[in-house]
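To start, the structure under review is shown below, and the notes come after it.
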Amino acid sequence: MSYDSIARRWARAVFEIGKETGSVARLEGDLTAFAETYSGNEELRVVLGNPLVPEGQREAVLVEIAGRMGLSDAARSTLRLLARKRRLVALPDIARQLARLADEDQNVVRAEVQSAGPLADDYLAKLKAELERATGKKVVVSHRQDPALIGGVVTKIGDRVIDGSVRARLTGFRESLLR
Amino acid sequence: MKASRFRTVLLAAGAALSLAGGVALAQQPPGAQPQPVQPQPRPFPGNHPPVPGMPGQPGMNPHGGGQGRPPVVIGPDGRPQGMPGSRPNPNRPGRPGRPGAPPGFNPRPQPHSAPHEEEHAGGGEHACPGHGPEDPPPHVNLWHGLLMVNNERAQRPDFLNQLLFRYENPKDPCDAKNEPPPFLASLLNFGILAFILYRFGRKPLAEALVKRKQEIMAEIETATKIKEDAEARLEEYEDNLENIEAKLAEVRAEYAAQAEVEKKHLLAEAEERRVRMRRDAEFRVEQERKAARDELLREAVVAATAAAEELVRKQISRADHDRMATDYLAAVGKALAPTRATGAQA
């Protein structure tokens with residue numbers, strides 16, 4: 001089930017709070033960290049989403065986890081409000097939308113680079129510089145190896161994909177032969 | 001209309017019959033009773049030999065008492081004595097008003113003769129004179145007694161009584177003064193009947209006859225028309241029979257032409273169907289061939305690309321990775337160029 005519309009409204013609200021308090025980056029980081037914990041722990045999702053568990057106990061669990069993770073007060077308040085409104089299931093989408101709003105606010109573009117083999121740091125720096133030059137924005141690059149690419153590099157930036165892998169060339173070659 | 005005419009005719013006929021019956025009843029003597037007529041033996045001629053077994057013959061009753069009747073005595077003139085027509089009457093050679101009777105011939109019995117009365121008293125089995133084979137025809141009453149029988153008034157000499165009444169003795173049918181019903185009464189009855197029929201039945205009968213005539217004429221016309229039709233049909237059939245061979249040949253030729261046309265049509269249709277089936281079959285074969293070729297090509301391409309991928313995986317080196325990365329670094333800027341332009345425009 002998609003919670004995009006709900007997540008957009010909540011992310012906009014949280015972003016405005018962070019903007020007022022000047023803690024957008026902290027708030028975005030805290031919610032993203034908790035969203036990763038929430039998505040990766042099924043037991044936590046069951047407990048926090050079970051209506052048979054009393055609301056006080058659920059808030060206590062939530063506050064305990066947030067305390068241990070060292071989340072800010074704004075992040076804790078946001079999580080408690082989401083729990084009371086039974087919107088914790090939309091937390092991963094809210095965190096993603098909040099990161100997008102924060103990046104837009106800071107003029108930042110995130111680029112995901114995949115390669116079949118390892119890439120040197122200087123190459124990634126050159127690629128980041130080239131992407132910043134091409135987009136005119138600050139680019140945050142994340143790298144990941146994928147042997148299925150056989151060879152070459154694939155960059156996903158925003159909603160665009162620049163595919164220079166051998167797998168893509170073979171696929172194109174095969175499609176051209178079949179046509 | 002027709003029923004009313006029929007009722008009128010029936011009414012007229014009934015009235016005429018009633019009048020005629022009334023007049024006839026008026027002619028009957030008062031107190032007369034219907035007498036059953038006994039067949040009387042007819043005497044044979046005088047020169048006829050006696051027949052055994054004949055009533056009154058000696059052979060019939062040898063004891064001379066057949067049926068209680070006295071034996072017949074043959075007179076000197078050869079006629080049996082005591083039989084009607086066999087008694088001579090010298091005192092009355094002819095009946096008054098009937099001249100011309102032969103002498104010695106007495107057609108009717110003498111009235112009031114003692115032996116005659118005795119005969120009637122004894123049973124009245126003898127017929128009156130005038131009924132024999134040689135007797136003259138009986139007297140015809142022309143006009144006496146138009147109204148009824150009245151013996152006393154009938155003997156009056158005046159014309160009116162004689163016209164209205166007549167004499168008849170019911171006890172003695174051989175009475176010489178007995179008069180039959182007048183012929184004038186029959187004429188009057190017939191005249192009345194004819195008048196009634198003419199008066200009341202002329203128009204309905206004429207109409208009925210006219211209508212019947214019309215019906216008969218219509219039937220004759222219908223029959224004539226039917227006859228003419230039958231004759232025309234007969235003539236047509238005869239003509240057909242005369243030209244049957246030519247018509248048969250014409251029909252055969254027509255059927256042969258139709259068969260030829262049908263044959264051509266069937267052949268053309270079969271040819272068209274054959275062409276169409278062949279075209280469809282060729283199309284299907286071509287489609288199957290294309291599908292098989294595409295399938296083979298796809299399998300070959302997939303196998304070739306898989307083999308190429310495997311070969312590239314085996315043979316790709318670090319230098320190849322670096323070269324491709326360098327080439328990618330040079331091309332990524334060009335690939336993102338539209339994005340930057342779009343962003344600048346925005």
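Note that the structure is a prediction, hence the values are computed from the model and not measured. The sequence lines fix the lettering, A, B, ..., with proteins before strands; numbering per chain opens at 1.
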Original post:
Considering only heavy atoms, which portion of A/Val166 lies under 4.5 Å from any heavy atom of chain B: side chain, backbone, both, or neither?
Top reply: side chain

Subject >> Closest heavy-atom pair and its distance - A/Ala116, B/His321 >> reply: CB-CE1, 3.7 Å

Original post:
Heavy-atom count around A/Asp121 CG within 6.0 Å, excluding the residue itself: above 12?
Top reply: no

Original post:
Which residues, numbered in order, of residues 285-312 of chain B come under 4.5 angstrom of chain A by heavy-atom distance?
Top reply: B/Leu297, B/Arg298, B/Val301, B/Val302, B/Thr305, B/Ala308, B/Glu309, B/Val312

Original post:
Can you check whether A/Leu127 reaches B/Tyr328 side chain to side chain, under 4.5 Å on heavy atoms?
Top reply: yes

Original post:
Which residue pairs pass the side-chain hydrogen bond (donor to acceptor under 3.5 Å, both in side chains) test with at least one member in residues 43-58 of chain A, sequence neighbours excluded?
Top reply: none

Original post:
In terms of heavy-atom pairs under 4.5 Å with chain B, which of A/Ile150, A/Leu170, A/Leu178 leads?
Top reply: A/Ile150

Subject >> Other residues, nucleotides, ligands: >12 heavy atoms within 6.0 Å of A/Glu42 CD >> reply: no

**OP:** Against chain A, label B/Arg318 side chain, backbone, both or neither, depending on which of its atoms sit under 4.5 Å from a heavy atom there.
**Re:** side chain

**OP:** Counting only heavy atoms closer than 4.5 Å, note whether A/Val154 contacts chain B via side chain, backbone, both or neither.
**Re:** backbone

**OP:** Could you look at A/Pro147 and say if it's the side chain, the backbone, both or neither that has a heavy atom under 4.5 Å from chain B?
**Re:** backbone

